[in-house]
Amino acid sequence: MNLEFSAQVAARGFDVSLSIAQGETVAVLGPNGAGKSTFLTVLAGLLRPDSGRAVLGDRVLFELGAGGRGRWLPPHERGVSMLAQDALLFPHLSALENVAFGPQSRGVSRAEARSRATAWLERVGVSELATRGPAQLSGGQAQRVAVARALASDPELLLLDEPLAALDVSAAPAVRRMLRDVLADRTALIVTHDILDAFTLADRVVVLEAGRVVDLGPTRDVLDRPRTPFAAGLAALNLLTGTVAAPGVVRADSPVAPGEAALLLRARFVDDLTAGDRAAVCIRPSAVTVSVTPTTDAAPTGPGDPERTVLPVTITDLEPRGDLVRVRAGDVAADAPPGRVADLDLAPGVRVWFGVTAADAVAYRL
Amino acid sequence: MNLEFSAQVAARGFDVSLSIAQGETVAVLGPNGAGKSTFLTVLAGLLRPDSGRAVLGDRVLFELGAGGRGRWLPPHERGVSMLAQDALLFPHLSALENVAFGPQSRGVSRAEARSRATAWLERVGVSELATRGPAQLSGGQAQRVAVARALASDPELLLLDEPLAALDVSAAPAVRRMLRDVLADRTALIVTHDILDAFTLADRVVVLEAGRVVDLGPTRDVLDRPRTPFAAGLAALNLLTGTVAAPGVVRADSPVAPGEAALLLRARFVDDLTAGDRAAVCIRPSAVTVSVTPTTDAAPTGPGDPERTVLPVTITDLEPRGDLVRVRAGDVAADAPPGRVADLDLAPGVRVWFGVTAADAVAYRL
Amino acid sequence: SGGAADGAAQPPESSSASALEGSITVFAAASLKGTFTELADEFEAEHPGLTVELTFAGSSDLVTQIAEGAPADVFASADENNMAKLVDEALIGPDAPVEFATNVLQIAVPPANPQGIETLADLARAGVAVVVCAPQVPCGAAAAAVETAAGVDIAPVSEESSVTDVLGKVTSGEADAGLVYLTDVIAAGDAVRGIAFPESAEAVNVYPIAPVTDGQNPEAALAFIDFVTGAEGRAVLEAAGFGAAP
Amino acid sequence: MTRPIASGRRRDRAYAGVPGWVMGVAAVGAAFVLLPLVAMVTRVNWAEFVPLVTSESSLDALGLSLRTSLTATALCVLLGVPMAVVLARTEFWGQRILRSLVLLPLVLPPVVGGIALLYTFGRRGLLGQGFEALGVTIAFSTTAVVLAQTFVALPFLVLSLEGALRTVGTRYEAVGATLGARPTTVLRRITLPLVVPALLSGAVLSFARALGEFGATLAFAGSLQGVTRTLPLEIYLQRETDPDAAVALSLVLVVVAVVVVAAAHQAGRSGGARLRGSS
Amino acid sequence: MTRPIASGRRRDRAYAGVPGWVMGVAAVGAAFVLLPLVAMVTRVNWAEFVPLVTSESSLDALGLSLRTSLTATALCVLLGVPMAVVLARTEFWGQRILRSLVLLPLVLPPVVGGIALLYTFGRRGLLGQGFEALGVTIAFSTTAVVLAQTFVALPFLVLSLEGALRTVGTRYEAVGATLGARPTTVLRRITLPLVVPALLSGAVLSFARALGEFGATLAFAGSLQGVTRTLPLEIYLQRETDPDAAVALSLVLVVVAVVVVAAAHQAGRSGGARLRGSS
Ligand SMILES: Nc1ncnc2c1ncn2[C@@H]1O[C@H](COP(=O)(O)OP(=O)(O)OP(=O)(O)O)[C@@H](O)[C@H]1O
Ligand SMILES: Nc1ncnc2c1ncn2[C@@H]1O[C@H](COP(=O)(O)OP(=O)(O)OP(=O)(O)O)[C@@H](O)[C@H]1O
Ligand code: MOO
Ligand SMILES: [Mg+2]
Ligand SMILES: [Mg+2]
């Protein structure tokens with residue numbers, strides 16, 4: 001079932017076109033309010049767009065002209081199942097009955113539906129809660145039952161809106177593994193804020209911002225070579241944009257610190273770029289060194305490439321994360337061991353220099 | 001306001017005692033259904049425990065004997081504000097009015113309450129949505145308004161149930177930073193599934209499992225030296241438990257792969273341990289090497305310590321995560337570069353050997 | 001049977017009496033409930049093959065119902081107006097109605113008679129709470145007639161829609177006095193005291209009875225009407241306070 | 001999804017949060033409704049009570065009242081549930097006027113309602129002629145009693161159910177539809193179970209109204225013992241001769257109503273228990 | 001929290017999902033309620049209509065009906081809201097019986113209700129003697145009309161509101177309490193706004209019932225033009241002389257009711273619009 005989709009919802013500034021191949025899983029990423037849930041609700045048939053067209057396999061889901069008139073398939077005839085952002089378990093049915101609802105609605109016998117439901121509850125790891133009512137479940141337990149319910153209805157297109165957000169770390173890997181198996185040969189869209197979900201579950205990602213597609217491509221391309229600040233943030237990478245000044249040199253669009261002259265970034269070019277081309281430069285925080293003088297006294301531990309860029313910045317934030325501290329300075333960040341942070345007496349407001357070798361700064365076409 | 005808390009809820013198998021010092025922030029961790037939300041609801045006065053006692057500063061929140069009789073302060077007199085797991089914004093009030101509700105209820109004038117509310121909406125980054133109704137907000141936007149509402153009521157004890165779960169990566173750092181400022185001098189409990197929240201926001205963590213406290217201590221102690229599988233999983237660390245066999249050697253409780261003899265782990269002892277003591281051995285996945293032969297052919301890149309442990313395991317799962325692949329084998333995991341995974345032809349079911357040097361295996365008292 | 005003396009001149013009566021069977025439905029004014037229930041029982045006892053179904057309601061309700069096709073054989077009205085409506089509708093023959101009883105007004109007061117009412121003129125005293133029927137209903141029309149005749153101007157605290165409501169206000173002690181029919185005073189027993197007054201003769205209420213033209217059992221209907229207007233009927237009606245037909 | 005307040009198992013556990021003055025005013029309101037009942041009870045002549053209540057005509061009337069009221073309630077559910085669903089879930093031109101019109105049997109004095117029914121189903125009525133041609137006479141039969149009761153009781157069911165349907169909203173129905181359930185399945189397995197408490201209380205209201213119905217029945221169905229004379233009509237007739245007897249008979253009506261209402265609430269409580277835990 | 005269905009701005013956008021057969025049955029139900037009204041309209045003698053409707057007694061009755069019904073509705077809200085809150089939010093011994101008893105004015109034939117009120121507030125009634133001693137006479141006054149109307153209309157408000165309160169649940173109230181709001185504040189700023197639609201429809205039901213009230217008024221308050229003779233009593237009297245005239249007057253009642261009900265729904269729609277978006 002490949003999907004062709006295009007729809008506009010003026011009231012939410014939503015205008016998205018996308019096609020998905022049979023069996024492909026696409027992760028939908030984007031900041032809060034970007035239109036991810038809107039995208040899914042339109043596909044599921046719960047929100048009627050102002051105009052647009054969607055075809056799943058050979059079934060026309062909707063085809064609406066400018067006036068909003070046209071064909072419109074009701075939700076239950078779409079073969080599209082959706083797990084909404086809140087679990088929305090039917091309050092009058094037990095966990096098991098909730099999961100059995102989908103199969104039964106598609107004509108499966110009661111007994112068979114219940115046995116399928118039992119199997120799905122097993123797979124999401126809450127089979128012991130089968131007879132409980134939704135009000136007697138914790139937040140995460142309810143979310144798992146909702147995942148099972150969406151999967152049990154065996155849809156042709158599966159829509160998942162943040163399915164793992166409420167799961168605890170001990171449960172998430174198992175459910176994620178299960179989802180990967182289930183999604184392997186299934187056409188699906190999954191909204192997530194977790195890069196791990198995108199890597200594990202999705203073949204491609206689409207990044208929405210303010211109701212538009214701003215990036216689209218195979219997961220690894222988009223997240224390893226981000227083109228938008230959002231994708232870079234999600235992948236925890238530093239992203240600087242600019243114009244190619246010379247081979248191996250990119251002139252950054254904005255100085256990193258206000259009041260500075262335009263910065264020249266020395267980078268490793270992976271695309272064929274010539275002077276004047278727009279380019280993105282991507283740097284892992286762990287490849288950035290921090291020093292309190294502009295010299296190279298904080299020698300990199302990697303291969304001693306002498307060609308490096310030094311960025312003058314002011315620390316805005318320190319984030320301890322386990323065995324490293326993330327030192328943030330506006331949009332760029334460096335990871336430093338706690339010991340070094342203490343030695344250098346780093347704190348918000350302190351002026352430091354971030355150093356990065358050309359080998360660790362990857363430049364590609366924007 | 002320091003807090004003394006002890007309560008039992010038989011129907012949920014909940015039995016927790018805890019004290020929190022004035023101004024301290026405690027992170028509550030635990031798997032789904034562990035009783036984290038129950039803990040918060042009892043403190044907020046929304047669920048009456050079977051028995052127990054809680055004192056906040058010099059105010060007795062409740063004091064219930066075995067029969068359930070005794071003192072019981074209603075929620076609005078507790079000075080305890082709670083952000084529940086669902087946002088639960090009042091549907092008939094705008095975002096701004098939702099936030100202004102708390103101050104107004106505590107007697108602040110309408111104008112003043114609205115200006116405070118405006119300031120809080122600003123801090124959580126949704127000031128442009130002030131006049132919207134909750135139904136017109138996206139999931140993450142609603143959650144931010146709910147955070148603002150809880151903070152605006154300026155409680156003596158603040159309870160936050162997964163406040164950041166629905167936030168996108170671009171918003172989470174800013175809200176987290178804001179929370180850190182706000183929580184700095186405030187007594188608060190924060191339920192989270194995100195280790196970063198624990199590190200950034202909490203002075204101490206308490207780990208609940210099945211309604212009981214299983215671990216408790218300063219954040220770094222609990223998460224760097226985990227004593228429970230849950231805490232280890234949260235910190236993404238490998239945890240093996242066993243008995244000290246000799247100085248520098250711990251006999252693991254269970255063989256890592258079934259059918260193997262008990263394993264001897266060579267470790268760096270950080271506590272004073274003598275033979276027969278119970279010990280935990282903690283290993284970072286990035287310190288674990290993967291090889292397809294039991295020899296040391298996959299030489300570690302670290303200092304060439306010859307004393308190493310080699311664990312025979314079967315791969316259960318591969319999780320790509322950005323520039324590394326997490327190779328899971330039951331409870332233990334190793335991080336390997338994608339290239340190496342491809343070279344060794346790793347896949348679930350393949351039998352491999354995980355190697356770790358004694359320097360990277362930290363043993364401490366259990 | 002008690003009707004034998006009069007009925008000697010009408011030979012078919014005794015033969016038809018034995019032939020009467022099936023059932024008839026009698027629509028009777030609510031104020032006839034007690035008497036007609038008793039009469040129907042006696043009539044049934046006389047004619048074992050016959051059952052009498054009784055429907056009681058306000059006369060005007062009954063008129064509407066019969067006009068709309070209610071299955072009535074006999075209509076007994078509490079006033080001539082309502083009977084005339086059915087005659088106009090041709091549901092009752094123009095000459096069919098027979099007057100079978102009369103009724104006169106009395107003053108009803110609570111047993112203790114707190115205001116010491118003795119005459120109609122006492123009802124016009126200030127401070128006496130009097131209830132009467134509204135002029136639109138028969139008992140109200142009668143009340144207006146006696147007021148005119150006596151030259152008394154009563155200012156009632158309420159003009160009720162039916163005698164029952166007037167009586168209710170008096171028995172409950174809510175009103176100090178009310179104008180009701182003699183039969184109502186008798187039916188109410190100890191709950192009220194009745195005070196007769198001479199002007200009541202100026203407004204005698206007449207009860208007509210008639211068969212309905214498209215009734216299912218005209219023979220039995222006529223027999224029942226004869227029974228009501230006959231000696232037994234008169235005895236029962238008189239016991240309840242009704243006067244003889246003029 | 002955790003709502004601990006509503007799910008406290010022991011009654012003294014849940015935090016109520018009802019201000020004291022609200023309790024005070026509620027007590028005044030309850031007294032206003034209950035005192036007249038007490039006053040009624042004090043006036044009952046208990047010596048006469050048993051023979052009066054067990055007389056043939058009383059028992060006939062009681063039996064007829066129960067039969068017709070239950071039938072009318074069933075009819076109300078049958079017609080009223082679809083009406084409530086349509087009013088709550090669709091929008092069409094004239095809907096608002098239709099909703100007001102459905103209320104009308106409430107505001108019409110019952111006797112006038114009965115006359116309107118006569119004008120419709122009576123011999124000379126709008127539909128009556130058609131029925132007449134088919135040899136069916138509706139007016140003045142037990143069917144007429146049921147129709148009169150249904151007419152006055154239907155708005156109760158429609159209005160209480162429509163309100164509940166709006167309050168519950170369409171979110172669960174939407175989820176059901178995406179799981180592949182056809183509208184009829186959604187209605188049967190999601191919409192209706194979610195509003196079971198409202199459906200029950202609507203049915204109880206309808207039953208109570210049908211049981212007490214008097215004016216429309218009198219005008220439209222007449223008052224024939226065993227056929228159309230329901231308990232309220234019997235009470236009305238008793239009042240002609242003996243108001244205190246009427247009051248005694250009314251007590252029977254009250255007791256029947258309390259029993260039925262309590263039973264329905266009991267059923268609603270057990271049936272809706274799981275549901276209520278989540279509300 | 002995203003509920004796109006309910007918030008579609010244009011009416012043809014929202015997915016309804018009402019099965020066709022439901023629409024069919026609903027149409028039958030609507031016809032059943034509407035046909036008698038149509039039949040009534042066809043019987044109106046339009047030549048007589050205007051003089052009849054504008055006669056002094058008719059206008060007096062209409063004015064009195066509107067005044068007393070609105071006052072009774074206000075009383076119902078005043079007493080009924082606390083009663084509904086207490087029934088929905090607290091549990092106490094005997095609560096279930098109390099809820100059934102509150103229903104009773106519904107099931108009591110109105111005339112009997114009026115008699116019971118006489119036994120309570122009448123001169124020789126339970127409380128009447130007390131009032132008498134204070135120099136207050138309720139009988140035969142407009143106050144009695146309002147009391148009778150309030151008595152029969154109160155259950156409508158209590159029941160529809162209680163159902164809505166249970167459906168809405170206590171979650172938002174709990175949040176409000178943890179934000180420091182006292183029970184009274186929670187009631188005023190959260191509970192009541194959340195049930196505004198139900199409160200309005202309950203008030204409309206009460207108003208309609210009060211406007212149509214006849215039997216209890218007749219038995220308790222009497223019938224004097226301008227003081228206690230409301231429109232239904234006027235209609236009843238007209239009927240004695242001319243049933244068609246009564247029908248014409250009933251039409252006035254119907255129009256008044258439709259206007260008031262539509263206005264209330266309009267108010268509810270704009271007031272509850274934001275709320276409904278979220279339900
Ligand atoms: N019912 C509604 N009416 C009008 N605007 C709405 C409605 N629901 C959402 N919006 C707006 O539409 C935009 C897209 O919302 P949507 O729910 O699709 O975001 P999202 O990408 O799912 O965000 P999140 O990550 O917070 O869930 C947002 O700006 C939101 O405020
Ligand atoms: N209303 C209820 N009645 C009975 N049991 C309940 C109720 N709510 C929750 N439980 C049970 O109590 C236990 C603790 O639930 P709680 O909601 O406190 O978990 P939690 O730690 O917050 O989980 P999560 O991370 O999924 O939110 C769970 O086993 C849950 O199933
Ligand atoms: O027709 Mo009657 O007897 O005045 O009620
Ligand atoms: Mg969303
Ligand atoms: Mg929870």
Side-chain angles (χ1 to χ4, degrees), chain C residues 23-38 40-41 51-58 60-72 78 89 91 161-174 180-181 183-184 186-192 214 216 240, chain D residues 39-40 43 45 48 55-57 60 109-112 114-129 131-132 136-141 144 148 214-229 233-247:
Chain C
S23 70
I24 55 167
T25 304
V26 176
F27 275 41
S31 48
L32 296 169
K33 185 187 181 230
T35 48
F36 269 47
T37 306
E38 199 178 332
D41 283 348
T51 50
V52 178
E53 309 275 17
L54 290 167
T55 289
F56 298 106
S60 54
D61 283 325
L62 296 175
V63 167
T64 310
Q65 290 175 2
I66 294 169
E68 293 294 338
E89 296 261 4
L91 287 164
S161 318
S162 75
V163 176
T164 317
D165 292 311
V166 175
L167 198 65
K169 299 296 188 312
V170 178
T171 53
S172 65
E174 216 45 35
V180 301
Y181 288 116
T183 54
D184 299 308
I186 291 174
D190 295 339
V192 294
D214 53 2
Q216 301 296 305
Chain D
M40 243 173 76
R43 294 293 180 104
N45 182 337
E48 274 180 28
S55 75
E56 196 205 323
S57 63
D60 268 5
V111 175
V112 175
I115 294 176
L117 284 171
L118 263 185
Y119 287 171
T120 312
F121 298 100
R123 188 161 59 173
R124 299 187 307 190
L126 227 49
L127 304 181
Q129 283 139 342
F131 282 115
E132 198 86 340
V136 180
T137 310
I138 290 178
F140 314 110
S141 63
F214 159 71
T217 312
L218 186 65
F220 177 46
S223 167
L224 202 61
Q225 184 177 338
V227 180
T228 60
R229 190 181 299 155
L233 292 178
E234 178 71 23
I235 290 169
Y236 179 77
L237 278 181
Q238 286 289 351
R239 199 174 67 101
E240 290 281 334
T241 47
D242 182 0
D244 289 345
V247 166

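Lettering of chains follows the sequences in order, A, B, ..., and the numbering in each one begins at 1.
Of all non-hydrogen atoms in Gly69(C) and Phe140(D), the two that sit nearest each other are C-CE1, 3.7 Å. When all heavy atoms are compared, the tightest approach of Ala57(C) to Leu218(D) is CB-CD1, 4.0 Å.
When heavy atoms are compared at a cutoff of 4.5 Å, Ser172(C) does not approach chain D at all. In this structure, chain C has a heavy atom under 4.5 Å from the side chain of Arg229(D), while its backbone stays farther away. At a 4.5 Å heavy-atom cutoff, Ile186(C) makes no contact with chain D through either its backbone or its side chain.
Heavy-atom contacts from other residues, nucleotides or ligands closer than 6.0 Å to CD of Gln216(C) number 12 or fewer.
In terms of heavy-atom pairs under 4.5 angstrom with chain D, the leader among Ala191(C), Ala187(C), Ala70(C) is Ala70(C).
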